[in-house]
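Right, one structure below, let's go through it.
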Amino acid sequence: MAKLSDAIVHRCSKLHHGPAAGMCIVLFVLQAGLMDYFLVFYLSPDYLYWLVADFIALVVLVISMVYSYVMLEKQRHTDHSQKRHSGFSISWLPWALINICVIIKIVLVVEKNALENEENKPSIFGANTFKTAVAIGSCIFIFLLTTQHDAPLGSRRRSYIYDLTGHVVFDILDTADILEVCFNKEDRGTLWSGLEEIILTLAALNLLLPTVPLITLSRTQFGRDSLSRPMIYLHRLLVVLAVNVPNLLTRLMLWQTNSVSISPFTLKNIILIGMTLYEFYEHKKEKLAMPRSESMDLEGRNGDAGVKDLQFSSSNVESTIDLVELEAKASGDSRENSSISYKHMVSLDESDVTARDDADVMEELKDTFIVNVPNDAMNITDITSRESEATSSV
């Protein structure tokens with residue numbers, strides 16, 4: 001059994017993203033076909049023109065997956081040659097086209113009461129089937145996203161992709177669930193004036209919103225260049241404000257005013273809102289703790305351990321004076337006429353360094369060595385060669 005599974009995985013790896021691309025196309029055709037069925041058979045055959053729109057969306061979908069495959073192959077070759085390929089993904093375009101068509105079909109089915117005609121001739125193509133067709137969009141998104149990157153499982157890039165898109169599947173299922181109240185004529189009759197339009201607007205927004213993370217992933221090459229953490233948190237806040245908060249409020253209103261049965265997705269809305277707020281709290285706490293930890297580290301460096309690192313021993317000063325003498329000997333000058341003041345160096349003995357502030361000592365040494373010393377005097381190799389010349393001349 002293990003050998004069989006290994007063989008299957010090996011075959012699939014040679015196909016790269018072929019199976020995912022095939023499933024994405026099949027699911028799109030299924031979704032489009034189901035929705036077109038409701039329009040053509042429950043409303044009017046004139047809606048057959050939607051097949052043209054679906055065909056255009058299908059062509060763009062195939063082009064995006066082929067283009068992604070070509071870009072990933074180029075990226076693999078540039079990775080071996082240690083060069084950077086600046087390719088990008090156009091997966092957001094087919095997603096936008098597909099869901100624009102889905103949104104318009106949903107509005108037509110709801111506003112023209114297509115599902116009420118199904119009640120007169122019951123079949124498997126009812127409200128639940130239509131809701132399933134909307135929910136298929138979550139599966140399309142998963143397979144479309146899979147064809148756009150090659151991030152290894154458990155890698156930083158995969159975590160980055162999940163941070164931006166991990167909520168999309170649940171948001172689409174949430175949208176399909178909240179639309180159910182619009183499929184029943186009796187439930188729609190009890191809604192407040194304008195509430196039906198609000199639900200349809202929220203559904204349209206929720207279906208188009210995944211275009212934003214797809215564009216972001218395209219610009220950052222699916223994690224090769226990543227956003228900063230605040231931008232990721234800002235994206236999650238956008239999802240909370242555009243999806244979960246409106247859906248939660250709508251469900252609570254339907255529950256209290258229309259006695260619509262409560263949905264399990266209500267808990268999903270509450271959980272995601274709470275998790276996002278807690279992440280913002282953690283991020284803010286880290287920012288506040290960062291200056292405090294830096295100041296504590298600075299105090300530690302200025303303490304006992306810092307004094308040991310910053311104090312200059314007399315042996316260090318003496319070794320510097322030896323270099324000055326070598327420079328003076330090599331140039332034929334006396335110690336007093338050297339480019340570094342010998343008297344000034346002698347004044348910096350160990351007791352003087354210890355007694356004064358470390359910053360003052362560092363500043364004085366900085367002025368002494370950098371301002372008064374010519375460039376060739378600071379070249380240790382040059383000083384060493386001059387030492388050997390001075391020794392040979394003596």
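Only heavy atoms go into these numbers, but all of them, side chains included; no hydrogens, no water, no symmetry mates.
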So, does S159 use its side chain to make a donor-acceptor pair with the main chain of S155 at under 3.5 Å? yes
Spell out, yes or no, whether I140 and L173 are grouped together once hydrophobic residues are joined by side-chain heavy atoms under 4.5 Å, including indirect joins. no
So ring pair (Phe, Tyr, Trp, His ring centres under 6.0 Å) across residues 247-279, not counting sequence neighbours, yields Y278-Y281
Using a 3.5 Å distance criterion without hydrogens, assess whether the side chain of N99 forms a donor-acceptor pair with backbone atoms of W95. yes
T220 and Y160: side-chain hydrogen bond (donor to acceptor under 3.5 Å, both in side chains), yes or no, with the steps? CA-CA 10 Å; T220 58; Y160 170 75; 3.0 Å; yes
Could I get the full list of salt bridge (Lys or Arg N to Asp or Glu O under 4.0 Å) partners for D54, not counting sequence neighbours? K105
Tightest non-hydrogen contact, residues Y49 and D46, listed as CD2-O, 2.8 Å
Would you say that W92 contacts L217 through its side chain, given a criterion of any heavy-atom pair below 4.5 Å between the two side chains? no
Atom pair CG (L145) and CZ (F141), whose distance is rounded to the nearest 0.5 Å: 5.0 Å
Across all chains, not counting sequence neighbours, the side chain to side chain donor-acceptor pair (under 3.5 Å) partners of R157 are D150
Using a 3.5 Å distance criterion without hydrogens, assess whether the side chain of T146 forms a donor-acceptor pair with backbone atoms of I142. yes
Non-hydrogen side-chain atoms of R219 and D225 separated by less than 4.5 Å: no
Solution key, residues 19-33 side-chain donor-acceptor pairs under 3.5 Å, sequence neighbours excluded:
unit_1	atom_1	unit_2	atom_2	d
Q31	NE2	A133	O	3.0

Treating Ile, Leu, Val, Met, Phe, Trp and Tyr as nodes and any side-chain heavy-atom pair under 4.5 angstrom as an edge, say whether I103 and L51 lie in one connected cluster. yes
Measure across R224 and R156 and return the closest heavy-atom pair with its distance rounded to 0.1 Å. O-NH2, 4.3 Å
Under 3.5 Å, which donor-acceptor pairs do the side chains of residues 200-211 form with other protein atoms, sequence neighbours left out?
unit_1	atom_1	unit_2	atom_2	d
T201	OG1	E197	O	2.7
N206	ND2	T175	OG1	3.2
N206	ND2	L202	O	3.3
T211	OG1	L208	O	2.8

How far does CD of E279 sit from CD1 of I232, to the nearest 0.5 angstrom? 10.0 Å
Step by step, work out the side chain to side chain contact (heavy atoms under 4.5 Å, CB included) result for F125 and F41. CA-CA 10 Å; F125 295 98; F41 288 94; over 6 Å; no
Side chain to side chain contact (heavy atoms under 4.5 Å, CB included) for I106 and V109? Distances and angles first, verdict last. CA-CA 5 Å; I106 291 173; V109 168; 5.9 Å; no
Might you point out which heavy atoms bring F183 and V110 nearest each other, and give the distance in Å? CE2-CG2, 4.0 Å
Kindly indicate, with the supporting measurements, whether the criterion side chain to side chain contact (heavy atoms under 4.5 Å, CB included) is fulfilled by M71 and Q148. CA-CA 9 Å; M71 291 296 104; Q148 302 299 307; over 6 Å; no
Side-chain contact, heavy-atom cut-off 4.5 Å: R251 with Q256? no
To the nearest 0.5 Å, tell me how far H235 NE2 sits from T276 OG1. 11.0 Å
Rounded to the nearest 0.5 Å, what's the gap from CG on L272 to CG on N244? Could you check? 4.5 Å
What I'd like to find out is whether the side chain of K112 reaches to under 4.5 Å of the side chain of Y47, using heavy atoms alone. yes
Straight-line distance of L61 CG to L97 CG, nearest 0.5 Å: 10.0 Å
Linking I/L/V/M/F/W/Y whenever their side-chain heavy atoms sit closer than 4.5 Å, directly or via other members, would L214 and V243 fall into one cluster? no
Are S64 and L144 packed together at the side-chain level, in the sense that at least one heavy-atom pair is separated by less than 4.5 angstrom? yes
Assigning hydrophobic clusters by single linkage (Ile, Leu, Val, Met, Phe, Trp, Tyr; side-chain heavy-atom cutoff under 4.5 Å), is L254 placed with L248? no
Would you check if I63 and V59 make a side-chain contact, meaning some heavy-atom pair closer than 4.5 Å? yes
Side chain to side chain, Y67 and V62, heavy atoms closer than 4.5 Å: no
Atom CD1 of I104 and atom CG of L39: how far apart are they, to the nearest 0.5 Å? 10.5 Å
Group every Ile, Leu, Val, Met, Phe, Trp and Tyr by side-chain heavy-atom contacts under 4.5 Å, then state whether F222 and L72 land in the same group. no
Using side chain to side chain contact (heavy atoms under 4.5 Å, CB included), reason through W192 and I198 one step at a time and then give a plain yes or no. CA-CA 10 Å; W192 293 352; I198 292 175; over 6 Å; no
Determine whether R158 and P152 make a side-chain contact, defined as any pair of heavy atoms from C-beta on separated by less than 4.5 Å. no
Throw together a table of side-chain donor-acceptor distances under 3.5 angstrom for residues 163-171, partners on residues two or more places apart or in other chains.
unit_1	atom_1	unit_2	atom_2	d
D163	OD1	R236	NH2	2.9
D163	OD2	R229	NH1	3.4
T165	OG1	I161	O	2.7
H167	ND1	D171	OD2	2.8
H167	NE2	L164	O	3.1
D171	OD1	K268	NZ	2.7

Would the distance check show the side chain of S218 and the main-chain N or O of S89 forming a donor-acceptor pair, the cut-off being under 3.5 Å? yes
Would you mind telling me which of D174, N269, D177 makes a side-chain hydrogen bond (donor to acceptor under 3.5 Å, both in side chains) with N247? D174
